[in-house]
2 protein chains.
Amino acid sequence: MASIKDVAAQAGVSVATVSRVLNSHPSVSEEARTRVLAAVDALGYRPNAVARSLRTAQTRTLGLVISDVLNPYFTELARFVEEEARALGYSVIIGNADERPDLQDHHIRTLIDRRIDGLLVSPADGGSPLMREVALSGTPMVFVDRWIPGIDVPVVRADGTGAVKDLVAHLHGLGHRRLAIIAGPAATTTGNERVEAFRDALRELGLALPAAYIGQGDFQAASGRRATEGFLALAEPPEVVFAADNLMALGALDAIRARGLRVPDDIALAAFDDIPWFVHTAPPITAIAQPTADLARAAVRALADLIEGRTPQSVTLPARLVVRRSCGQDATDQRSDR
Amino acid sequence: MASIKDVAAQAGVSVATVSRVLNSHPSVSEEARTRVLAAVDALGYRPNAVARSLRTAQTRTLGLVISDVLNPYFTELARFVEEEARALGYSVIIGNADERPDLQDHHIRTLIDRRIDGLLVSPADGGSPLMREVALSGTPMVFVDRWIPGIDVPVVRADGTGAVKDLVAHLHGLGHRRLAIIAGPAATTTGNERVEAFRDALRELGLALPAAYIGQGDFQAASGRRATEGFLALAEPPEVVFAADNLMALGALDAIRARGLRVPDDIALAAFDDIPWFVHTAPPITAIAQPTADLARAAVRALADLIEGRTPQSVTLPARLVVRRSCGQDATDQRSDR
DNA sequence: ATCGTCTCTGTAATCGATTCCACGGCGTCG
DNA sequence: CGACGCCGTGGAATCGATTACAGAGACGAT
């Protein structure tokens with residue numbers, strides 16, 4: 001592959017001049033410029049990003065460490081992150097942690113070794129020593145969706161409390177009183193916050209959230225299935241299952257179906273995170289939708305701000321309730337959303 | 001961040017010795033080794049992958065250019081590709097083309113500029129000049145899922161002809177005679193092959209595939225909706241719609257629902273690509289499943305073979321029919337698959 | 001004519017690694 | 001005792017860019 005030297009030779013100038021042309025430095029004669037450009041064209045020359053990065057100490061690359069790519073919510077987030085990053089002139093390397101802290105650390109390691117300019121993380125746990133070290137070391141870093149208390153970096157996330165309150169009101173309005181939740185891992189902020197929001201909303205309506213109605217999940221489908229089986233085996237099973245993410249909702253649906261029960265007639269189901277498929281499940285699933293694209297954009301912009309020396313902003317955007325038919329139907333909730 | 005020089009100084013040896021220790025070169029004294037290792041530890045030194053890549057001319061990185069990450073089939077493929085690559089000591093940079101040739105070229109450009117060791121591509125089109133140039137230039141490259149005739153690189157893909165034949169037989173057995181297909185873009189191999197397999201299977205049963213029953217899609221949900229609306233507006237609408245990918249099936253479901261029709265009573269639906277959500281749609285959707293994990297593994301291995309100087313193998317694996325309820329139910333197909 | 005200024009260009013240092021080559025010391029063998 | 005080989009080590013070149021610095025001309029002012 002042609003290097004800058006070849007271009008210089010072909011154009012009859014020095015490498016410095018070639019470099020200047022390529023970086024549109026002002027002091028280059030018109031004649032030299034055209035000769036260099038011609039040589040670049042003739043040789044099909046492309047600058048070596050590796051060499052450039054070594055010299056300039058920047059890679060124009062962002063690392064995105066995501067809890068689970070197979071979760072449609074995160075897939076979508078990743079997609080919008082890449083889109084915004086591209087608009088800002090950055091590439092993105094995605095590391096999929098599969099909700100495993102060890103994998104998460106592996107990816108952070110690799111990304112740091114590659115000297116990415118900044119790190120976007122949706123942590124799968126409460127923060128490894130490595131993560132703290134990286135944050136402290138001054139590597140530009142932003143948390144998205146989930147964050148870690150005690151690590152002082154900007155956070156871009158959705159606030160679900162309002163939507164959860166709406167959801168609980170909706171359920172209450174439909175006559176449901178025994179509400180259960182499948183929680184995410186306690187080590188994640190989203191795992192806790194959603195339970196807390198749910199508990200608070202129940203309390204406001206004078207309802208309790210007994211321990212038996214809190215299933216422990218890990219944001220994966222299988223755990224949703226297990227937790228739901230647990231609920232259904234209770235002497236007094238809940239009337240509603242609220243899954244803290246879409247995959248656990250899928251698992252819950254599995255478990256309910258396996259028991260031969262119907263949604264919403266026998267048991268109601270709702271989920272945090274809205275995804276296109278929820279419109280087409282049997283029945284369409286009531287969910288809390290996050291503004292994924294906006295979150296992604298805000299996160300990338302905050303990271304770029306950090307990298308480029310501006311002051312980044314933490315951002316919290318509201319999630320909203322999308323009512324469908326999985327919790328039963330009342331007079332005011334006829335319309336079906338898309 | 002500490003460099004190899006700092007380590008050398010701290011350990012009281014030369015950078016050459018440090019490098020030898022780090023690369024487990026044999027001729028290093030035990031004493032020097034321990035001193036270097038201690039210094040590495042003390043400084044928290046991590047080799048700079050950028051510098052290393054520049055010198056060794058390899059990045060231990062694979063590029064994966066995918067037609068559409070939001071398509072669950074490709075998401076899954078990407079996940080397994082990363083998994084296998086990691087096992088082989090490579091990182092993966094994913095470029096999402098969104099079925100847009102220009103974006104595809106952009107990603108190929110960027111990846112080549114970053115000097116990735118090899119390229120895994122699922123082309124969104126019939127092959128840009130850039131793609132041909134890259135293939136010809138000797139950059140290790142492997143096609144996965146889709147390929148481009150005339151570009152001589154290994155291809156790892158699924159063969160759906162058997163499964164399509166099974167599907168058509170299944171449909172025929174249920175009494176369906178008017179079968180329509182929503183095709184993918186003509187520029188993609190999977191777009192064509194699936195139509196051809198469908199047509200051939202129909203012919204063997206003495207059925208024709210009229211032009212009106214071939215909808216032109218682009219593997220995106222919206223096109224599935226449009227094509228299906230077209231079918232439903234015909235004087236004699238088809239009894240079955242077969243979507244050439246899962247997103248177009250989703251669109252078809254939308255269109256059918258919007259018309260107030262029911263699946264499978266009013267019209268049957270089947271899809272190429274099986275995804276977890278198809279179990280939970282209303283009704284569960286009959287689909288052709290590809291061995292995604294095996295495809296990903298085979299593709300990465302072929303690419304690694306190419307990179308490391310071994311002889312790569314093209315691989316074709318059979319897809320298989322998974323019968324659910326979206327085409328109607330007959331006596332032999334009672335079981336519901338997962 | 002001399003000087004200063006401005007524009008353009010080239011030389012060379014540099015980033016952080018890897019690796020070829022040479023060299024010193026030591027053991028072995030004739 | 002000298003020659004040879006081997007082992008461990010360091011010096012320095014190298015990968016392909018960027019960029020500080022200096023120098024060569026051109027040109028106008030004095």
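Being a predicted model, the structure only gives us computed values, none of them experimental. Residue numbers begin at 1 in each chain, while the letters A, B, ... track the order of the sequences. Below, each value reflects all heavy atoms present in this structure, side chains not excepted, and no hydrogens, waters or symmetry copies.
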Along nucleotides 20-26 of chain C, 5' to 3', which nucleotides get a B, which get an S, and which get a -, given that the test is a protein heavy-atom distance under 4.0 Å?
-> B------

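Annotation: the terminal axes of the helix from dA1(C)-dT30(D) to dG30(C)-dC1(D) meet at 70°, where each axis is the rotation carrying the C1' atoms of four end pairs onto the next four (5 pairs per end, rounded to 10°).
In this structure, Thr17(A) reaches the sugar-phosphate backbone alone: every heavy-atom distance under 4.0 Å involves primed, P, OP1 or OP2 atoms, never a base. Counting non-hydrogen atoms under 4.0 angstrom, Val18(B) reaches nothing in the nucleic acid.
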Evaluate the side-chain contact (heavy atoms from CB on, under 4.5 Å) criterion for residues Glu82(A) and His107(B): first the C-alpha distance (whole Å), next the side-chain angles of each, then the deciding distance (0.1 Å), finally the verdict.
-> CA-CA 11 Å; Glu82(A) 193 275 336; His107(B) 284 123; 3.0 Å; yes

Determine, step by step, whether Ile307(B) and Leu62(B) satisfy the side-chain contact (heavy atoms from CB on, under 4.5 Å) criterion, reporting the C-alpha distance in whole Å, the side-chain angles of both residues, the deciding distance to 0.1 Å, and the verdict.
-> CA-CA 10 Å; Ile307(B) 293 170; Leu62(B) 269 28; 3.7 Å; yes

Show your working on side-chain contact (heavy atoms from CB on, under 4.5 Å) between Asp218(A) and Glu99(A) and close with a plain yes or no.
-> CA-CA 8 Å; Asp218(A) 60 6; Glu99(A) 302 286 0; over 6 Å; no

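Of the side-chain N and O atoms in Ser27(B), none sit less than 4.0 angstrom from OP1 or OP2 of dG8(D).
In this structure Val15(A) satisfies the side chain to side chain contact (heavy atoms under 4.5 Å, CB included) test together with Ile4(A), Lys5(A), Ala8(A), sequence neighbours excluded. Every residue meeting the side chain to side chain contact (heavy atoms under 4.5 Å, CB included) condition with Asp305(A), not counting sequence neighbours, appears here in chain and number order: Arg310(A), Pro312(A).
Rounding to the nearest 0.5 Å gives a distance of 11.0 Å between CZ of Arg115(A) and OG of Ser53(B).
Considering only heavy atoms from C-beta on, Gln104(B) comes within 4.5 Å of Met131(B) through its side chain. At a threshold of 4.5 Å between non-hydrogen side-chain atoms, the residues Val300(B) and Leu88(B) count as touching. Between Leu22(B) and Ser19(B), every side-chain heavy-atom pair lies at or beyond the 4.5 Å cut-off.
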Measure all distances between protein nitrogen or oxygen atoms and nitrogen or oxygen atoms of nucleotides 13-16 of chain C, and list the pairs falling under 3.5 Å.
{"unit_1": "dT14(C)", "atom_1": "O2", "unit_2": "Arg55(A)", "atom_2": "NH1", "d": "2.7"}
{"unit_1": "dG16(C)", "atom_1": "N2", "unit_2": "Ala51(B)", "atom_2": "O", "d": "3.4"}

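Side-chain contact check for Thr59(B) and Arg52(B): no donor-acceptor pair (N or O, by modelled atom type) lies under 3.5 Å. With hydrogens and angles left out, the side-chain atoms of Arg157(A) and Thr190(A) include no donor and acceptor closer than 3.5 Å. Inspection of the Asn71(B) and Asp245(B) side chains reveals an N or O donor paired with an N or O acceptor under 3.5 Å.
When each of Asp294(A), Asp145(A), Leu295(A) is checked for a side chain to side chain contact (heavy atoms under 4.5 Å, CB included) with Val156(A), only Leu295(A) meets the rule.
Contact check of residues 29-38 of chain B against DNA chain D (heavy atom, cut-off under 4.0 Å) returns Ser29(B), Ala32(B).
The side chain of Val13(B) lies closest to dG10(D), out of dA12(C), dG10(D), dA12(D).
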